Amino acid sequence: MSTPINNETIAGLLQELGMDPAFSSNSLSSLATANNRYLKDLKLNVTSTLGTANLTRKEAYMIALAVAVNERHPELVNAFEQLAKKEGASIEEVGEVHACASIMGINNIFYRFRHYMHDVEYYNKQSAGLRMSVLMNPIMGKSLFELVSLVVSAVNGCERCVVAHERSVKEEHGASEPRIYDAIRLGAVIKGLCTAM
């Protein structure tokens with residue numbers, strides 16, 4: 001942490017996220033020092049994607065939490081955990097978001113490798129040999145778990161996982177394309193927020 005930043009937009013963003021008003025980072029300091037107009041865009045993007053009609057606040061905070069976990073941003077992880085709990089997320093659901101982000105990190109690397117090596121028959125014929133029991137009967141419900149998995153896979157850039165989870169969310173769990181689209185937009189914005197903070 002560095003010296004607190006005196007910037008109205010940053011102060012508003014930190015307040016909205018329930019974060020320590022004294023929070024600072026080198027990136028935020030640089031943006032504030034330059035009085036960069038991106039800060040206003042970032043705050044507006046965070047506000048609008050967390051408040052979409054296609055996701056409940058609890059769902060939005062859980063998706064945001066998964067991205068913060070994936071990006072290893074402890075302050076945002078803490079903020080989104082607290083916000084999700086305020087919206088009714090249980091300790092078990094919060095833990096499951098952490099598990100989901102972790103297993104998607106594993107799967108995204110593994111299946112991205114297989115995708116890159118599509119001509120190598122050996123790799124594609126082998127069993128993954130990975131334990132993934134967290135994917136079965138998730139506490140948060142299979143539909144939301146699949147949506148969170150889709151968002152993390154998109155952030156991690158795994159085409160195979162994105163295609164599989166999008167199909168599952170839409171065809172097996174009845175999610176609409178606007179709901180999926182808003183979840184992906186949210187994931188993208190929170191990834192940007194992690195970078196800026």
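Please read these numbers as outputs of a predicted model, since none were measured by experiment. Just so you know, residue 1 is the first one in the sequence shown, and it goes up from there.
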State, yes or no, whether a side-chain contact exists between N137 and K142 at a heavy-atom distance under 4.5 Å. no

So CD1 of I10 and OG of S25: to nearest 0.5 Å the spacing works out to 8.0 Å

Say whether V169 and Y111 are linked into one hydrophobic cluster, either directly or through other cluster members, by side-chain heavy-atom distances under 4.5 angstrom. yes

Applying the 4.5 Å side-chain criterion to the ILVMFWY set and letting contacts propagate, would Y38 and L13 be lumped into a single cluster? yes

NZ/NE/NH1/NH2 to OD/OE distance under 4.0 Å, R167 and E172: no

Only pairs under 3.5 Å count here: list side-chain donor-acceptor contacts from residues 78-90, not counting sequence neighbours, and write none if there are none.
from: E81; atom 1: OE2; to: H98; atom 2: NE2; distance (Å): 2.6
from: S90; atom 1: OG; to: E92; atom 2: N; distance (Å): 3.4
from: S90; atom 1: OG; to: E92; atom 2: OE1; distance (Å): 3.4
from: S90; atom 1: OG; to: E93; atom 2: N; distance (Å): 3.0

Could you tell me which non-hydrogen atom of V77 sits nearest to which non-hydrogen atom of V69, and how far apart they are? CG2-N, 3.6 Å

Same apolar cluster: I103 and L147, side chain cutoff 4.5 Å: yes

Dump the intermediate steps for side-chain contact (heavy atoms from CB on, under 4.5 Å) on E171 and E166, then the final yes or no. CA-CA 8 Å; E171 294 175 9; E166 191 273 348; over 6 Å; no

Output for pair (T47 OG1, L42 CG), nearest 0.5 Å, gives 9.0 Å

Could you walk me through whether K170 and E146 pass salt bridge (Lys or Arg N to Asp or Glu O under 4.0 Å), step by step? CA-CA 10 Å; K170 192 163 58 176; E146 284 291 315; over 6 Å; no

Identify all side-chain donor-acceptor contacts of residues 185-197 below 3.5 Å with residues at least two apart in sequence or on another chain.
from: R185; atom 1: NH1; to: D182; atom 2: OD1; distance (Å): 3.3
from: K191; atom 1: NZ; to: E71; atom 2: OE1; distance (Å): 2.9
from: T195; atom 1: OG1; to: K191; atom 2: O; distance (Å): 3.1

Ring pair (Phe, Tyr, Trp, His ring centres under 6.0 Å) involving Y123 - partner list, sequence neighbours excluded: F113

Just how far is it from atom CD of E59 to atom OG1 of T56, taken to the nearest 0.5 Å? 3.5 Å

Donor-acceptor under 3.5 Å (S48 side chain, N45 main chain): yes

Are there more than 12 heavy atoms of other residues, nucleotides or ligands under 6.0 Å from atom CD of E121? no

Please output the side-chain donor-acceptor pairs of residues 149-161 that fall under 3.5 Å, not counting sequence neighbours, one pair per line with the distance.
from: S149; atom 1: OG; to: F145; atom 2: O; distance (Å): 2.8
from: S153; atom 1: OG; to: N108; atom 2: ND2; distance (Å): 3.0
from: S153; atom 1: OG; to: S149; atom 2: O; distance (Å): 2.8
from: N156; atom 1: OD1; to: N70; atom 2: ND2; distance (Å): 2.9
from: N156; atom 1: ND2; to: N70; atom 2: OD1; distance (Å): 3.2
from: N156; atom 1: ND2; to: N108; atom 2: OD1; distance (Å): 2.9
from: E159; atom 1: OE1; to: H115; atom 2: NE2; distance (Å): 3.1

Single-linkage hydrophobic cluster L28~M19, side-chain heavy atoms < 4.5 angstrom: yes

Tell me, please, which residues at least two apart from N7 pass side-chain hydrogen bond (donor to acceptor under 3.5 Å, both in side chains). none

Residue pair K58, M62: steps toward the side-chain contact (heavy atoms from CB on, under 4.5 Å) verdict: CA-CA 6 Å; K58 176 183 169 183; M62 289 173 71; 3.8 Å; yes

Give a yes or no on whether V162 and I106 share a hydrophobic cluster (residues Ile, Leu, Val, Met, Phe, Trp, Tyr; joining criterion: side-chain heavy atoms under 4.5 Å apart). yes

Any heavy-atom pair between the side chains of I63 and L55 that's under 4.5 Å? yes

side-chain hydrogen bond (donor to acceptor under 3.5 Å, both in side chains) with R57: which residues, sequence neighbours excluded? Y61

Is there a side-chain contact (heavy atoms from CB on, under 4.5 Å) between K43 and V46? Walk through the geometry before answering. CA-CA 5 Å; K43 183 178 184 305; V46 168; 5.8 Å; no

Is any side-chain heavy atom of K40 closer than 4.5 Å to one of E8? no

